Each structure stands twice: as C-alpha cells, then as structure tokens.
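Structure, as structure tokens:
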Amino acid sequence: MDKAYSPKDIEQQWYQTWESKNYFAPSGEGNPYCILIPPPNVTGSLHMGHAFQHTIMDTLTRYHRMKGDNTLWQVGSDHAGIATQMVVERNLNADGITRQSLGRDKFIDKVWEWKEHSGGNITQQMRRLGDSCDWTREAFTMDDTCSNAVKEVFVQLYQDGTIYRGKRLVNWDPKFHTAISDLEVENKEEQGSLWHFRYPLANGATTADGKDYIVVATTRPETILGDTAVAVHPDDERYHSLIGKTVLLPLVNREIPIVADDYVDKEFGTGCVKITPAHDFNDYEVGKRHNAPLINILNADAAIRDQAEAFDYKGQPITDIDLTLPEGYAALDRFDARKKIIEDFDALDLLDSIKDHTLQVPRGDRSNAVIEPYLTDQWYVAVESLAKPAIEAVESGEIKFVPENWSKTYYQWMYNLQDWCISRQLWWGHRIPAWYDDQGNVYVGRDEQEVRRDNNLDDTVVLSQDDDVLDTWFSAALWPFATMGWPEKTKELDTFVPSSVLVTGFDIIFFWVARMIMMTKKFTGKVPFKEVYITGLIRDENGQKMSKSKGNVLDPIDLIDGIDIEGLVNKRTTGLMNPKDATKIEKRTRKEFGDGIESYGTDALRFTFCALASTSRDINFDLARVEGYRNFCNKIWNAARYVLMNTEQHDCGQNGGELSLSLADRWIWSRLQATIKDFDNYIEQYRFDQVAQSLFGFIKNEYCDWYLELSKPVLSSEQSSEAQKRGTRHTLVNILEQVLRLAHPIMPYITEEVWQKLAPLAAIEGDSIMLQAFPEFNAERFDQAAMDDLEWVKQVIVGVRNIRGEMNISPAKAVPLIMYNGSETDKRRYEDNQNFLMSLAKLESIDWKNAGDTLPVAATALVGNMDLLIPMAGLIDVNAEKARLNKEVEKLSKEQQRISGKLDNANFVDKAPEAVVAKEKDKLADVESALNKLKAQVAQLDNI
RNA sequence: GGGCGCUUAGCUCAGUUGGGAGAGCAUCGCCCUUACAAGGCGAGGGUCACUGGUUCGAGCCCAGUAGCGCCCA
C-alpha cells in the first residue's frame with residue numbers, strides 16, 4: 001500500500017466494477033427496502049444539496065442491502081418543462097434558429113436529441129459520488145411508461161370530475177408565455193410607489209365634505225383601464241353616502257359602481273380601492289361578490305390590447321360593454337402604459353399624490369419576470385377530494401415525517417389548498433390528452449382513436465389536440481407508482497409500493513411530497529412511502545444560501561477532485577446574471593481559497609455530509625470539516641497499512657489454531673459491539689451526525705489511538721506466546737474487517753479497497769464488501785470486566801503522560817513509576833498489565849509500594865485511590881509541579897463545594913431519588929480523598 | 001397578519017426520560033517515537049441570548065423579552 005491515502009487512485013475503478021457486475025440491482029430476497037430518488041432535472045448538474053441527499057440515500061441503501069434486504073434505489077430524472085425548453089431554445093437561438101420557425105414536432109426532436117447527448121451529466125456525477133442506484137431501472141418522466149401513467153391518470157381524473165377546464169385568473173409569466181402554479185411564484189419585497197388618483201363622481205354626486213371626486217390609491221396604475229368597480233368598507237362613514245353611486249372612470253369614460261365590501265382596509269391609502277377583477281386575485285373575489293365584469297386589457301406579452309375583452313364569472317363573453325381602450329395605449333408594454341397613465345392623469349389634474357411604498361412583487365421562479373394575474377382558459381385539478389386521504393395518511397401515522405415537526409408544515413398547506421393549475425403553454429412536456437372539434441367541444445381520452453370511438457366521431461369530424469402540456473410536477477407526482485410500471489399490474493408495484501423512505505428537502509414538501517401522497521393514495525390505495533426524512537438545506541460556511549449570483553457555490557465534484565484557483569474563479573464568474581458581480585466574486589474567491597481547493601475524495605465528502613446531518617434545518621458547510629475527514633480517511637488508510645504489515649505473511653488464526661486474547665483484545669471487541677449497536681440505533685433515527693461521530697470515535701480514539709498501540713507490545717515482546725500473538729493478529733485483522741463493513745455505507749471506496757486486501761487474512765471470501773453482511777451486535781463479545789480493567793490501564797498511562805506533558809519531559813525519556821496505596825484490584829490490574837504500561841507510558845520501571853513504605857519526592861497523579869508517583873530527581877522542577885498540583889486542587893475544591901452544598905440541602909437529600917443522592921455522596925468522597933492526597937503532596941513539596 | 005425555527009467554546013455544531021457542559025476545526029506547549037507530520041502526546045478556552053416561573057435540582061420544562069432566519073397570505 002502507498003504511504004498516503006490517495007482517493008483518485010481507488011474510486012472510479014471500484015464504481016465501474018460494482019456497476020458492471022450489477023450489484024446495485026435488488027437481490028429479490030429479503031424484506032423490500034426502497035428509496036425513490038427525487039428525480040433531478042435532466043438539465044441539471046449536481047449541486048451540494050444533491051450530493052448531501054444522495055449521500056444519505058446511498059448510505060441507507062448500502063446499509064439495508066448489507067442487512068440482507070431486497071433493496072432498490074429507484075433512479076431517474078425529470079423532464080423539467082420550462083428549464084429544458086429554455087436550454088434547448090437558447091442553443092437554437094445561438095445558431096439563429098427560433099423555436100417557432102422550427103415548428104413543434106421538430107423542436108421536440110431537438111429536445112430529445114439534446115437529452116441524449118447532454119442530459120446524462122448529472123447521472124455521471126452521481127456515479128462519482130458512489131451512488132448505488134439500480135441504473136438498469138433508470139426512469140425518465142417523459143419515457144413511455146411514465147407517459148402512459150400520466151395519460152391514464154389524467155383521463156381517470158377527468159372522468160370522475162376531478163380535472164376540469166375553466167377560465168380563471170392564473171399566474172401568467174409574460175416572458176415564457178405560460179401559466180405557472182402559485183408555488184412557482186416568488187413574492188419579493190421591492191420599492192415602489194403608491195399613486196393616488198382622483199376618480200370623478202358621476203351624476204353630480206359629492207362626498208360628505210363636498211368634493212366631486214374620490215381618491216383611490218394603487219401600486220399598479222396601468223390596470224385602471226380594466227377597473228369595473230370602486231370598493232369602500234361598509235362601516236366607513238366617510239363614504240357611506242356614496243355606496244350605490246357611480247364614478248366615471250377617467251380616460252376610459254366607463255361608469256362604474258361604488259360598492260361596499262369587507263375586504264377593504266379602511267386604514268390603507270384613502271380607504272377607496274379600485275377593483276380590477278381581471279388583473280388581481282383579490283379584486284377577482286371582490287368583483288365576483290358584486291358581479292363586476294372581468295375586463296381584460298392585456299395580451300400574452302403583458303402589453304395593452306387593441307381592444308379590451310369582457311367576461312362574466314362563468315367565463316362567458318359579455319357583449320354589451322364598450323371595450324374601446326383609450327387611444328395611444330395599444331401594444332404599450334405594461335410598464336410604459338403605467339407611465340402614460342400617470343402622465344395622462346396628471347394632465348387632467350387627476351393625479352392627487354405619489355407616496356413611496358414597499359410592496360410584494362410576484363416574480364417567476366425561473367424567469368424572474370413580474371408575474372401577471374391573467375385571465376385564460378386552463379386545466380385544473382380540484383384537489384379537495386384528493387387532499388382528505390392524504391391528510392389522513394399523515395394524521396394516522398401511516399406516513400411519518402422525520403423530524404416529526406415537518407408534518408405541521410404539511411398540514412398547514414394541505415388545509416389551505418387551492419385548485420392546482422396543471423396546464424402550461426409550453427411544447428416540452430406531456431401534451432394534454434384532450435381534443436377539440438371545430439365547435440369547441442372537448443373530448444378527453446388516452447388517444448385520438450379512443451376519443452373517436454367513445455364519442456362516435458367519424459373521420460369527417462376534425463379533431464385537434466390541446467396545444468398545452470402538463471405541469472412537470474404532475475408527472476413527478478406519479479413517480480412512486482409510474483416508475484413501478486403502473487397502470488400495468490407489476491411485481492414491482494406489489495413489492496416496492498410503498499417505498500421505505502423519501503429523502504428530500506423541506507422546500508418541496510408542497511411541490512412534490514404532498515402531491516405524491518395525494519396521487520399515490522388515489523391510484524394505488526397505498527401511501528407512496530412510509531417515512532419522509534426532511535434534510536436541512538446546505539448553505540455556505542457563513543450561513544448564506546449558495547447561489548450563482550453570490551458567487552459562493554461549491555461544486556461537489558471539485559471537492560472530490562480538487563480544483564486550482566484559476567479554474568474556480570473562472571467557474572464562479574462565467575454565466576452570471578449580472579456580470580458586474582464578477583470582480584467582487586473573484587476577489588472574495590481568491591481571498592478565501594488562495595491556491596484553490598485540494599482533492600479530498602468522495603469518501604471524505606460523504607463522511608462530512610453525514611457528520612453535518614443533524615436535525616437542524618440549515619446546514620452551514622465548512623470546508624475545514626472535509627479536510628478533517630480527509631485526514632480521517634488517511635488515518636484509516638495508515639491503520640490498515642499497520643495491520644497488513646503485521647499480519648501478512650503471519651498466522652492470524654484464519655486457519656484455526658489457539659487464540660489467546662489479551663485484555664486489549666477483549667476490550668476492543670467489546671467496544672466494537674457498542675459501536676455496532678450505536679450505529680443501528682442512530683441509523684434508525686436518521687441521525688447520521690451521530691452515526692458519523694460514533695464511527696469516528698471508535699476508529700480514531702479507540703482502535704487507532706489505543707488498540708493499535710496496545711497491540712505493539714504484544715507483537716514485539718519475546719515473552720508473548722504464539723497463541724497470544726495469533727490472538728492479537730486475529731483481533732487486529734478482524735476488528736478492522738468488521739469496522740470496514742460498518743463504515744462501508746458511508747465510505748464505500750476506501751472500505752472496499754482495504755477490504756479486498758484484508759478479507760483473506762480474516763478467511764472471508766467474497767467479491768465485494770458491498771455484498772457482505774452488515775456486522776451484528778454479539779453479546780458474547782461484550783465484556784464489561786475487560787472494559788473496566790482497560791479503563792484503569794488507560795488512566796495510569798494518561799496520568800503518566802499528563803505529568804510528562806506538563807513537565808516537558810521528552811517522550812523519548814523513560815521514567816520510573818511508583819504505584820502507592822493501591823487496592824487488591826489495583827494490584828491485580830498492575831500485575832496483569834505491566835507490559836502495556838511499560839510500553840505505552842514509556843516507563844523505565846514500575847514499583848509497587850504499600851502504606852508505610854518510604855517514598856521519594858515525586859510528581860503525582862491519582863487513579864481512583866491509588867497514587868502514581870514519578871520521582872523528581874533530575875527530571876522535574878519542584879515549583880512547576882507545585883503549580884500543577886495547586887491548579888488541580890483549585891479545580892477539585894470547587895467541585896467539592898458544589899457537591900457538599902447540594903448534600904447540605906435537606907430538600908435535596910429528602911426529595912431527590914436515593915440513587916442520585918448516593919451518587920453525589922460517592923462523588924464527594926472521591927473528590928475529598930483526592931483533595932487530601934494532593935494537598936498532602938503539595939505540603940511535602942513545600943518542605944523541601 | 002398566520003405558522004415554524006434558531007441563539008451553547010474563537011468558528012461550525014451535538015447535547016436523546018431534567019441529576020457531573022461535549023465533538024470537530026482553530027489556538028498554545030512538547031515531539032520527525034519503526035501505521036499515519038494529512039501525524040502523536042499534552043494543555044487552555046463556555047454568565048448555555050436575556051428576565052421570571054415550576055422543581056430539591058433547569059442548557060433541557062413553562063411564560064415573557066430581545067436579536068436572527070424560513071414558509072404561507
């Protein structure tokens with residue numbers, strides 16, 4: 001083995017072996033265990049959030065596979081409607097081709113072409129991470145199986161009335177020319193103005209204070225052209241007399257009513273609200289209550305129409321309204337129209353005032369364009385009937401959120417569900433299986449043939465399919481059963497629905513988790529998963545969200561392979577939305593990373609993610625942690641080197657032969673059992689941070705720091721028998737072999753690499769560690785007495801080291817040790833373990849002395865009631881030793897005061913449980929005994 | 001406005017039923033000891049945000065205050 005751990009030399013090769021041998025496929029035996037991957041976008045590349053969640057999913061998958069479960073990690077990707085269409089369209093535009101000039105069919109061919117060539121980026125990156133998902137079952141939301149499921153679900157939901165078509169206000173993205181769901185809208189606080197306009201009262205009416213106009217306030221003047229009412233609060237005395245009267249809408253000269261509605265906030269603005277039902281969600285509701293017509297003034301570009309259009313609330317056109325719009329507005333963009341409205345009002349002396357105002361601006365999460373409430377025909381899912389069983393599934397505990405608290409977020413949304421707009425005006429996606437005849441009648445079916453057959457439409461009837469496609473989340477909602485072959489009755493549907501656990505972020509509880517529960521319940525009668533483990537969100541080391549525009553993104557692959565500073569700067573500063581940020585980002589990146597990022601390897605990265613996976617909802621990713629765990633990998637690597645150096649070419653008991661186990665051997669076996677138990681418990685609770693900590697502690701602090709050191713005297717001593725040496729070699733090899741299996745789910749590569757070399761020495765045959773059984777707790781190996789005895793050995797050694805350290809005695813200098821005033825147990829332990837003590841404490845000699853024996857002037861440490869003495873002659877400075885002891889005395893005195901204070905409190909003694917009181921008494925006795933010894937020792941030094 | 005969360009060592013975070021404040025990294029000292037200097041050994045460092053309550057006992061339970069953050073409207 002090389003002297004240093006070098007991840008790049010071992011990782012890729014093992015992944016290829018595993019995949020080519022099909023080790024990732026379900027075994028077909030054992031209890032089903034299934035994880036569904038949240039399908040990443042085909043356009044996507046792996047970001048830190050993926051890497052984090054994939055680490056957790058893969059750890060669970062490998063763990064359960066080794067536990068003997070019939071394990072499937074179902075993999076696949078999502079066609080990502082808008083995102084993919086954008087990418088392909090941008091590429092075409094670069095060649096001077098537009099989507100429209102190409103036509104729909106050819107454009108879709110281009111998307112598929114793109115998908116074949118570039119869509120696999122993220123799946124290659126997943127392989128670098130070691131993800132053991134079953135690639136032979138890789139699914140895509142646009143493939144035939146998923147598409148069939150989508151059609152089937154749509155048709156069935158349409159037939160039972162759950163899917164309907166209607167003219168409603170939607171969130172319209174004027175940049176992409178499509179409707180989006182309310183979840184895809186981000187409301188951002190922005191600075192704007194509140195304009196106050198005068199609306200003249202019609203027919204000679206006046207306000208209470210004699211004015212012939214009222215003042216309305218608005219943040220969106222351009223919508224004035226679509227006003228169909230003005231609302232005031234019914235209790236607002238200022239306007240009481242005007243209710244039922246009308247105003248003459250300036251510029252348009254439309255007479256519109258003043259209505260009373262509770263929705264109005266008397267305190268806001270002037271207390272008069274213009275109502276534009278076709279261009280505002282709240283106004284739509286108000287307008288509906290007062291039957292104010294819907295007047296649409298915008299086109300799909302969010303520019304002013306040539307002529308307005310009017311509808312009632314059933315979506316029927318209204319014909320008896322003058323739809324003329326004022327001159328000069330046609331085709332004006334909404335923001336230009338806004339300016340013109342303000343100017344025109346000002347010219348008419350109807351602009352009352354302008355105030356600064358902070359408002360929530362809705363923006364598309366992909367386009368960042370200001371979203372326009374817009375009246376269009378769209379398809380909807382009426383979610384109420386689907387929601388009920390989905391809520392019950394969580395309430396009843398059939399589905400469990402981990403951490404449990406996230407169920408509250410789920411309920412909060414589920415209790416306030418809005419119907420889901422599922423149609424999108426895009427080309428890339430599942431085309432809606434609805435056909436129209438030339439009368440505008442709609443027919444829904446799995447295909448045109450079925451539609452004709454079911455509706456008795458012969459070839460003379462011309463049918464055209466709906467141009468729209470379905471929201472990407474619609475197909476994603478079917479993921480749990482569509483990937484298993486539904487609507488066919490497949491073995492996978494029986495075996496892997498419900499899946500075991502969904503691992504995902506809280507940001508898509510609404511988008512995806514809730515919708516999967518609704519759809520899977522509806523169509524399979526089963527829940528999609530038994531547990532939902534909600535992970536935290538990965539942020540940078542300062543708690544900032546990682547984003548391209550902040551220039552603080554880390555690419556997981558760069559952490560694995562390393563990247564030089566130029567490469568990193570280049571990556572962070574190209575393709576910025578705002579190129580002006582580049583200088584700032586470059587400066588920061590150079591300051592933070594200096595020479596770039598070292599190569600840490602996949603295993604270290606994965607271990608880091610596990611170590612950070614506490615219950616917290618934000619996870620600040622600190623590169624220093626990765627470095628620490630890369631060093632940990634190096635530790636494992638070198639421990640393995642030590643083991644191999646001492647066991648290869650030797651008898652390790654793999655072929656039988658007497659094994660005589662030392663105290664250290666029995667101790668490390670016991671500690672391993674405890675670690676295995678911890679591992680199982682913590683995995684069960686999804687506490688990957690604790691799993692990592694427990695593993696780290698065992699390997700580093702127990703196996704490496706103590707056990708390997710304790711093995712040295714046994715192997716090197718001429719006094720050791722062959723059986724003793726064989727016992728220790730056997731323990732060295734077999735503990736490491738088991739610990740590799742224990743660590744494999746988190747660190748697949750290094751464990752495989754080392755295991756391959758080690759397994760023969762443990763007489764284990766097998767092609768791969770990933771197919772080995774997971775270690776099991778073995779009560780026979782758990783030896784409490786051995787742990788107590790070794791604890792004593794450690795205390796003696798630490799006591800001596802402590803004195804050495806504090807007194808700056810060279811580790812090369814062997815020192816004499818006196819044990820004084822020990823018990824029978826101390827004596828037995830001393831006699832049994834001289835070899836260990838001499839070696840690890842680097843002793844010259846050990847003398848056992850009893851009470852009454854004369855003692856040299858010495859430095860002191862305590863092990864229980866026993867004194868450890870290191871004679872000071874020539875070695876130790878008296879004043880330094882006094883200072884050291886006094887510090888200890890001070891510490892213990894505080895402790896003594898604290899405990900005796902407690903025990904002097906009658907309430908405590910009376911009311912606290914006996915065991916607690918007894919414990920405190922013991923503690924006090926120990927502290928006092930130690931104090932007396934130390935004080936006596938100080939006094940003795942004072943006498944020199 | 002409604003909901004949720006956070007505040008513990010210089011930094012990033014654990015702290016499971018209330019009973020001796022922990023880890024990693026960073027810092028300081030000694031050491032290139034034949035697995036590992038990406039290392040070893042040792043050490044220092046905390047008013048557990050604040051106030052009050054419950055309790056024999058509170059980082060943990062309850063109420064309130066301050067600051068920070070997220071989601072929804």
Side-chain angles (χ1 to χ4, degrees), chain A residues 1 3-6 182-183 187 265 281-282 360 403 405-406 408-409 411-413 415-416 418 506-507 509-510 536-537 539 541-543 545 598 600 604 608 611-646 681-682 685 687 689-690 692-694 696-697 700-701 704-705 708-709 711-712 716 732 797-798 800-813 839-842 884 887 895 898-899 901-903 905-913 915-917 919-920 923 926-927:
Chain A
M1 284 173 82
K3 194 169 170 187
Y5 162 66
S6 170
D182 39 9
L183 286 177
N187 288 300
D265 177 358
F281 289 100
N282 290 317
Q360 296 283 325
N405 221 274
W406 287 109
K408 287 188 186 171
T409 305
Y411 291 137
Q412 200 211 337
W413 192 64
Y415 287 136
N416 298 292
Q418 304 286 315
F506 57 81
D507 48 335
I509 290 180
F510 307 145
L537 229 53
R539 296 166 176 280
E541 74 280 9
N542 301 312
K545 212 165 179 169
E598 279 183 77
Y600 297 118
T608 308
L612 294 175
S614 65
T615 55
S616 155
R617 61 169 57 183
D618 292 308
I619 293 165
N620 296 358
F621 190 88
D622 187 354
L623 206 57
R625 293 291 291 262
V626 192
E627 184 172 353
Y629 292 127
R630 190 272 315 262
N631 296 350
F632 174 54
C633 288
N634 186 52
K635 189 91 183 164
I636 295 174
W637 183 261
N638 279 289
R641 278 182 64 220
Y642 169 80
V643 172
L644 288 169
M645 280 164 55
N646 285 284
N681 284 340
Y682 290 137
Q685 301 164 40
R687 286 303 303 267
D689 58 328
Q690 309 277 33
Q693 203 181 339
S694 154
F696 183 93
K700 184 158 184 291
N701 304 136
C704 292
D705 286 354
L708 293 190
E709 295 307 318
S711 74
K712 288 174 187 177
S716 65
L732 275 171
I797 294 165
V798 167
V800 175
R801 283 177 180 173
N802 192 319
I803 293 170
R804 275 181 186 284
E806 298 264 318
M807 296 302 130
N808 283 343
I809 298 171
S810 157
K813 170 82 184 158
S839 172
L840 271 72
K842 184 84 179 169
R884 191 180 73 89
K887 206 168 64 182
E895 182 74 357
R898 198 182 60 78
I899 302 172
K902 235 175 166 179
L903 286 167
N905 181 346
N907 277 325
F908 172 72
V909 181
D910 289 347
K911 295 189 180 172
V916 174
V917 177
K919 203 169 147 194
E920 292 296 316
K923 219 188 293 175
D926 289 348
V927 168

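Chain A is the first sequence line, chain B the second, and so forth, proteins listed ahead of strands; every chain is numbered from 1. As the structure is a computational prediction, the values presented were derived from the model and not from experiment.
- A gap of 50 Å separates the P atoms of B:G39 and B:G3, to the nearest Å.
- Residue A:Arg617 has its side chain nearest to B:G69 when only B:A35, B:G15, B:G69 are considered.
- The C1' atoms of B:U8 and B:A58 are separated by 14 Å, rounded to the nearest whole Å.
- We find the NZ-CD distance between A:Lys902 and A:Glu920 to be 4.0 Å, quoted to the nearest 0.5 Å.
- Between B:A14, B:A35, B:C4, one nucleotide has an atom nearer to the side chain of A:Leu708 than all others, and that is B:A35.
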Tell me, for nucleotides 36-44 of chain B in 5' to 3' order, what letter each nucleotide earns: B for a base near a protein heavy atom under 4.0 Å, S for only sugar-phosphate near one, - for neither? BSBSSSSS-
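- An OP1 or OP2 oxygen of B:G57 is reached within less than 4.0 angstrom by no side-chain nitrogen or oxygen of A:Asn905.
- Distance check on atom P: B:C11 versus B:U47 gives 13 Å, rounded to whole Å.
- Across B:C72, B:C56, B:U12, the shortest atom-to-atom separation from the side chain of A:Arg625 is found for B:U12.
- Between A:Asn646 and B:A35, a side-chain N or O to OP1/OP2 separation shorter than 4.0 Å is absent.
- Side-chain atoms of A:Asn620 lie closest to B:U12 of the nucleotides B:G20, B:U12, B:G19.
- Regarding A:Lys842, its NZ atom lies at a distance of 11 Å from the P atom of B:U34, rounded to whole Å.
- Separation of the C1' atoms belonging to B:A66 and B:C30 is 46 Å when rounded to the nearest angstrom.
- Annotated stems with RNA chain B as a participant read B:1-7 with B:66-72, B:10-13 with B:22-25, B:27-31 with B:39-43, B:49-53 with B:61-65, given as range with range, by first number; only runs of 3 or more Watson-Crick or G-U pairs under 3.5 Å qualify.
- The same atom, P, is picked in B:A14 and in B:C61; the two are 15 Å apart, to the nearest Å.
- The shortest distance between the side-chain N/O atoms of A:Ser614 and the OP1/OP2 oxygens of B:A14 is below 4.0 Å.
- Out of B:C72, B:C25, B:G19, the shortest distance to the side chain of A:Ala624 is found at B:C25.
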